[in-house]
Amino acid sequence: MAKFKITVTDECIGDGLCVDEAPNTFEMNDDNVAFVKDAGGDNEEAIMAAAEGCPVDAIIVVDEESGKQVYPEE
């Protein structure tokens, strides 16, 4: 299982799909903006589903081992 560095950008619109897909990784703050509460909280498939499902591509996922951005692909 890959270890990820996950960033939620300022583009977040508070859709909440990331929390639905990976509830142990993402949480919404008081301003209804997602943040990463535990980058290893969910499995790789759930984290990627959350990132890929974000309607504004506000989730950046980087493989910590290789340093390669895996989502969105560069």
Contacts of Val70 that satisfy side chain to side chain contact (heavy atoms under 4.5 Å, CB included) - sequence neighbours left out
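Result, side chain to side chain contact (heavy atoms under 4.5 Å, CB included) vs Val70: Phe4, Met48, Val61, Asp63.
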
Within residues 29-38 or reaching into it, pairs that qualify as side-chain hydrogen bond (donor to acceptor under 3.5 Å, both in side chains) - sequence neighbours excluded:
Glu27-Lys37

Of all heavy-atom pairs between Asn24 and Asp42, which one has the smallest distance, and what is that distance?
N-OD2, 2.9 Å

So, for Pro72 and Gln69, which heavy atoms are closest and what is the spacing to 0.1 Å?
O-NE2, 2.6 Å

Are Tyr71 and Val36 connected, step by step, through hydrophobic side chains (Ile, Leu, Val, Met, Phe, Trp, Tyr) whose heavy atoms are closer than 4.5 Å?
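Yes, because Tyr71 and Val36 connect within a single hydrophobic cluster, where side-chain heavy atoms sit under 4.5 Å apart.
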
Joint hydrophobic cluster, Ile59 plus Met28, side-chain heavy atoms closer than 4.5 Å:
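Looking at the clustering, Met28 is in the same group as Ile59.
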
For residues 5-12, tabulate all N or O donor-acceptor pairs below 3.5 Å that involve a side-chain atom, not counting sequence neighbours.
unit_1 : atom_1 : unit_2 : atom_2 : d
Thr9   : OG1    : Glu11  : N      : 3.2
Thr9   : OG1    : Ala58  : O      : 3.4

Side-chain hydrophobic cluster, 4.5 Å single linkage: members besides Ile60:
Val62

Does Val56 sit in a hydrophobic cluster with other residues, and if so which ones, taking ILVMFWY side chains as linked at heavy-atom separations under 4.5 Å, directly or through other members?
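Members besides Val56, by chain and number: Ile13.
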
What pairs with Asp20 under side-chain hydrogen bond (donor to acceptor under 3.5 Å, both in side chains), at least two apart in sequence or on another chain?
none

Asp15: which residues meet the side-chain hydrogen bond (donor to acceptor under 3.5 Å, both in side chains) condition with it, sequence neighbours left out?
none

About how many Å separate CD of Glu21 and CD1 of Ile47, when rounded to the nearest 0.5 Å?
11.5 Å

